[in-house]
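Report on the structure given below.
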Amino acid sequence: MKLKNSYFYTIRENVKDEDSNSGNLLVRAGMVKKSSSGVYMYMPLGLKILQNIQNIIREEMNRTDAQEVLMPSLIPEEVYEASGRRKGFGNSMFSLRDRFNKPFVLGPTHEELFAVAAGMKIRSYKDLPFNIYQFQNKFRDEPRPRFGLIRVREFIMKDAYSFDADEQGLHESYMKMFNAYKASFDRMHIKYTIVKADTGIMGGLLSEEFQALSPIGEDTLVICDNCHYSCNLEIAKCPEKGETQNEAYQQIQAIHTPHVGTIADVADYLQLPHDQFVKTLIYMIDDQPVACLVRGNRDVNEVKLQKLFKATKIELADLATVEKVTNAKVGFAGPVGITIPVIMDNEIRGMRNFIVGANKTDYHFINTNLHDFTPTKIADIRLIQENDVCSECGHPIHFEKGIEIGNTFKLGTKYSKAMNLAYLDQNNQLQDVWMGSYGIGPGRCMAALAEQSYDEKGLIWPLDIAPFKVCIVVININDELQLKTGNSLYDSLNKMGIETILDDRDERAGVKFNDMDLIGIPIRITIGKALADQQVEIKERQSAETVKIPLANCLAYIQQLIG
RNA sequence: CGGGAUGUAGCACAAUUUGGUAGUGCACUUGCUUUGGGAGCAAGGGGUCGCAGGUUCAAAUCCUGUCAUCCCGACCA
């Protein structure tokens, strides 16, 4: 690309409506532009980056013999009714009606249509296995889009779906995809980690997430360096046994705690540490009130609760419900004498003489013990914390923040059952097809790379991702020799298959240097004063050094840098 | 969906409190000078002040409504 007479622009200052470094840099580099909240235009440079990412993924998909297809975005709502997922998506689906008032949605994910597509082929066990995939726009009406390309409402997703005869086959197909994902992200040079995760609305047997490490990541990852246990916070198992207290049992006793409802306030008032309290939270689980007990310094993990109850809806009870079930103002709930089911966290089993709400306004019980109430269930229902130890090996765990760039699911037979996707086995018996689904967000990969690699000058792209690998800055375009040399290098590099920018704009040197730094081109060739000595200067984006080399060696030098 | 804030030129902002000719910096055009890390001087172009009502002799400014964007939270494959 020759910049003179090209659609190329940069912005000197940060823009107001981008909250992340990656978002601001991508906008300033003229790569993307926000169209509306969570919806972006891709400009030439941004599109090239996106395509480079997509090409890597496509190559790795094709290497597994997966085949590319393209599904529509506009889908009759009944397709999601059929699989039972319309409700689960709720208003995070964009929905619309055609001229005959028939309801449609813009697809947020495509298991259903792929099941239909697979049904065109599958009759017998001989038709399995296979894998089909697409790059296609997905629509999700996120309540709060943010962080540039990271949480958006319209985005391209590479989604792949595998179809197998049995669980063993699914496992093999899954591992092929899993390895292709690793290969793809390795080639992109993203720093990432893989964690187990909740299957959520997708359902199924197993979910693993590929998480790009970044402080702005919205997912918390729980990592054990000792045994390599790693999972999303939402499903992280807590240690089976908490600490066991050995002090003598004391007699439960109500005490007056006027106007202090929160753990922090009561702890202050009684001058006792938070971990000597047991917190009672009233949840509505599928619209039934349930009291959940966790230690005072812990939090309830709603995903665990949801799984424990196999519930579809979990939310904290509203204030009126809390007051009704506890017969007290909010802040004084406790397990003793309460009439709704009581779910107690494992950790509380080791506690003695703890403090709970008394179900009476302005009163707490001290010296409460397990014999003072009867939990309905005892289970692991708390969020793990950073000072906890690994449930597998006992080594301390730590947290990381991650951006979910890919997700692989073993779906099992959930969708094939819902969509009547079956095959005849060797014994002429109908069997459900085993499905897997696999997603990558190329736009998120782009944003994650930008978050992981930039400096005060701008973006720094890996060679395989950069929109152009080399830029040639002609310092003085009025110097005919400089301009001619630049053009000649430009032609040669392009002939060598090395995508190159020629900055032949009538700008000052500083403007050109800054623009090329901002957009993050890995290698810069400067043609200026040194040309008088038949030399050009080479500077790599991520290095501070500039090297002078003879013009005659330039192409060979670049070739070697690119490798 | 709750709480908060902001909408003025391509970008970043001032003027709004106290109603009276719409401004500054960057970007853009022209000229001269300059020319290796975002040049200087001069002269210009560009605005239905988010939108719709209302109050007023007069509204960017006051009032009502509405839309959009952003932040915090809730939510989220």
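The sequence lines fix the lettering, A, B, ..., with proteins before strands; numbering per chain opens at 1. Everything quoted here is computed from the prediction, not taken from an experiment.
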Euclidean distance for C1', B:rA12 against B:rG20 (whole angstrom):
28 Å

Is the NZ or CZ atom of A:R524 positioned over A:F513's six-membered ring, under 6.0 angstrom from the centre and within 45° of the axis?
yes

Is there a side-chain polar atom (N or O) of A:S37 under 4.0 Å from OP1 or OP2 of B:rC70?
yes

Over 60° means perpendicular and under 30° means parallel, so classify the ring planes of A:Y174 and A:Y438, tilted if in between.
tilted

Any carboxylate oxygen within less than 4.0 angstrom of a Lys/Arg side-chain nitrogen, looking at A:K548 and A:D533?
no

Taking any heavy-atom pair under 4.0 Å as a contact, classify A:V15: base, sugar-phosphate, or nothing.
sugar-phosphate

Would you kindly compare A:K512 and A:R153 by the position of their nearest RNA chain B nucleotide and give the one closer to the 5′ end?
A:K512

Taking only N and O in the side chain of A:K16, is any of them less than 4.0 Å away from OP1 or OP2 of B:rG7?
no

Are A:R508 and B:rG38 close enough that a side-chain N or O sits under 4.0 Å from OP1 or OP2?
no

Need one value for A:D517: base, sugar-phosphate or nothing, where a base atom within 4.0 Å counts as base even if backbone is also close, heavy atoms only.
base

Record whether the side chain of A:N476 comes under 3.5 Å of the base of B:rG36 through a donor-acceptor pair of N or O atoms.
no

Is A:E302 touching bases, backbone alone, or none of the nucleic acid, heavy atoms closer than 4.0 Å?
sugar-phosphate

Counting only heavy atoms not in A:K196, do more than 12 fall under 6.0 Å of its NZ?
no

Any side-chain N or O of A:R144 less than 4.0 Å from the OP1 or OP2 oxygen of B:rC70?
no

Report the distance from atom CG of A:D506 to atom P of B:rG38, rounded to the nearest whole Å.
16 Å

Looking at the base of B:rG37, is there any donor atom on it, or on the side chain of A:R524, that sits under 3.5 Å from an acceptor on the other one?
yes

For RNA chain B, produce a single dot-bracket line, 5' to 3'. Pairs: Watson-Crick or G-U wobble, both distances under 3.5 Å. Symbols: ( ) within strand, [ ] crossing, | other strand, . unpaired.
(((((((..((((......[..)))).((((((.....)))))).....(((((..]....))))))))))))....

Where each residue is assigned the nucleotide of RNA chain B containing its nearest heavy atom, which of A:T526 and A:N14 is assigned the position nearer the 5′ end?
A:N14

Does B:rC72 have its OP1 or OP2 closer than 4.0 Å to a side-chain nitrogen or oxygen of A:R146?
yes

Measuring from the side chain of A:R12 (C-beta onward, heavy atoms only), which nucleotide among B:rA27, B:rA12, B:rG36 has the closest atom?
B:rA27

Go through B:rG36, B:rC70, B:rC71 for me and flag the one nearest to the A:D19 side chain.
B:rC71

Check every atom of B:rC28, B:rC70, B:rA12 against the side chain of A:E507 and return the nucleotide holding the closest atom.
B:rC28

Could you work out which one of B:rG38, B:rC75, B:rG36 sits closest to the side chain of A:P143?
B:rC75

B:rG38 base to A:E13 side chain: any donor-acceptor pair below 3.5 Å?
no

